[in-house]
Amino acid sequence: MPDLWIDPTLYTGRPADPAGRIPSEIAVYDFLDAVGVAYRRIDHEAAPSIECCEEVEKRLGAEICKNLFLCNRQKTDFYLLLMPGRKPFRTKDVTGQLGCSRLSFADADKMQEYLGATPGSASVLGLLFDRERRVRLAIDCEVLEQEAFACHPCANTSSLRIAMKDLLETVLPALGHEPAYVTL
């Protein structure tokens with residue numbers, strides 16, 4: 001896999017110039033600023049998978065988590081699974097714990113509608129756009145062991161480092177999402 005171009009600067013906070021940034025990314029920064037959550041940011045070329053983010057993780061000092069957007073077979077119930085980036089995902093490991101039918105990856109259109117993101121840029125921060133609370137959040141307990149985690153701000157051209165305490169005590173309550181905890 002070719003090396004990912006990464007801006008050498010580790011930024012604190014939002015971009016000074018929003019030009020070229022998508023509206024959902026700017027909305028994420030607006031939200032984090034409004035609730036008083038500090039974050040570090042690194043910009044890079046599009047990173048469509050966890051595998052190409054190893055250097056981003058090193059520079060941020062936090063593991064980038066997988067954010068899997070899933071749905072039931074009938075495509076009526078939607079889930080966002082936050083899990084360690086390099087941990088394998090097997091649907092059978094989570095369906096019973098969530099009490100749902102067999103899960104599969106949800107459509108890109110629903111991801112855009114509910115999370116303001118496209119495949120490769122899904123993020124727990126995308127729950128900002130889930131105003132009707134259609135998406136149920138599930139967090140793998142292993143993620144909770146980290147002091148901080150990294151995720152995209154609904155655009156896979158930047159990555160953020162956020163304290164786990166801030167996610168659990170500030171971000172999720174402000175978004176109105178109570179997570180279900182699972183063990184994968």
Could you report the tightest heavy-atom contact between [X] and [Y], atom names first, then the distance?
X: Gly176; Y: Arg133; answer: O-NE, 3.4 Å
X: Asp7; Y: Arg59; answer: O-NH1, 3.6 Å
X: Leu184; Y: Lys87; answer: O-NZ, 2.9 Å
X: Pro173; Y: Leu167; answer: CD-O, 4.2 Å
X: Ala106; Y: Cys71; answer: CA-SG, 3.8 Å
X: Ser159; Y: His44; answer: OG-NE2, 2.8 Å

For [Y], does its backbone N or O pair with a side-chain atom of [X] as donor and acceptor, under 3.5 Å?
X: Asn67; Y: Cys65; value: yes
X: Asp77; Y: Asn72; value: no
X: Ser123; Y: Leu125; value: yes

Check: Would Leu82 and Asp140 satisfy side-chain contact (heavy atoms from CB on, under 4.5 Å), going step by step from the backbone distance to the final call?
Finding: CA-CA 6 Å; Leu82 181 65; Asp140 182 354; over 6 Å; no
Next item on the list: Determine, for Glu57 against Arg86, whether the closest basic-nitrogen to carboxylate-oxygen distance falls under 4.0 angstrom.
Entry: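 Salt bridge flag = yes for Arg86 with Glu57.
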Item checked: Under-4.0 Å salt bridge between Asp43 and Arg21 -> yes
Next item on the list: Apply side-chain contact (heavy atoms from CB on, under 4.5 Å) to His177 and Leu80, showing your working.
Entry: CA-CA 11 Å; His177 280 271; Leu80 182 65; over 6 Å; no
Check: Going by the angle between their ring planes, with limits at 30° and 60°, are Phe78 and Tyr114 parallel, tilted or perpendicular?
Finding: perpendicular
Check whether any side-chain heavy atom of [X] lies under 4.5 Å from a side-chain heavy atom of [Y], and answer yes or no.
X: Phe105; Y: Leu70; answer: yes
X: Phe129; Y: Cys154; answer: yes
X: Val143; Y: Met164; answer: yes
X: Thr183; Y: Gln97; answer: yes
X: Tyr79; Y: Thr95; answer: no

Supply the atom-to-atom distance [X] [atom1] to [Y] [atom2], rounded to the nearest 0.5 angstrom.
X: Met83; Y: Lys66; atom1: CE; atom2: NZ; answer: 4.5 Å
X: Ile42; Y: Arg161; atom1: CD1; atom2: CZ; answer: 12.0 Å
X: Leu68; Y: Leu103; atom1: CG; atom2: CG; answer: 10.5 Å

Next item on the list: Apply the test salt bridge (Lys or Arg N to Asp or Glu O under 4.0 Å) to residues Asp107 and Lys110: give CA-CA distance (whole Å), side-chain angles for both, the deciding distance (0.1 Å), then the verdict.
Entry: CA-CA 5 Å; Asp107 296 334; Lys110 290 295 185 187; over 6 Å; no
Margin query: Among Leu172, Leu175, Leu115, which residue satisfies the side-chain contact (heavy atoms from CB on, under 4.5 Å) criterion with Val124?
Written below: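 Testing Val124 for a side-chain contact (heavy atoms from CB on, under 4.5 Å) against Leu172, Leu175, Leu115 leaves exactly one candidate, Leu172.
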Checklist line | Val56 with Val28, same ILVMFWY side-chain cluster at under 4.5 Å | finding: no
Notebook entry, point to check: Same cluster for Val171 and Leu60 if Ile/Leu/Val/Met/Phe/Trp/Tyr side chains link at under 4.5 Å?
Noted result: no
Next item on the list: Please indicate whether Gln74 has more than 12 foreign heavy atoms, meaning atoms of other residues, nucleotides or ligands, lying under 6.0 Å from its CD.
Entry: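 It does: Gln74 CD has more than 12 such atoms within range.
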Margin query: If you count heavy atoms of other groups shown closer than 6.0 angstrom to CD of Gln146, is the number above 12?
Written below: yes
Item checked: Stepwise side-chain contact (heavy atoms from CB on, under 4.5 Å) check, Leu81 with Val182 -> CA-CA 9 Å; Leu81 175 62; Val182 296; 4.0 Å; yes
Next item on the list: Carefully, step by step, assess Arg14 and Glu25 under the rule side-chain contact (heavy atoms from CB on, under 4.5 Å).
Entry: CA-CA 10 Å; Arg14 68 186 309 121; Glu25 179 182 5; over 6 Å; no
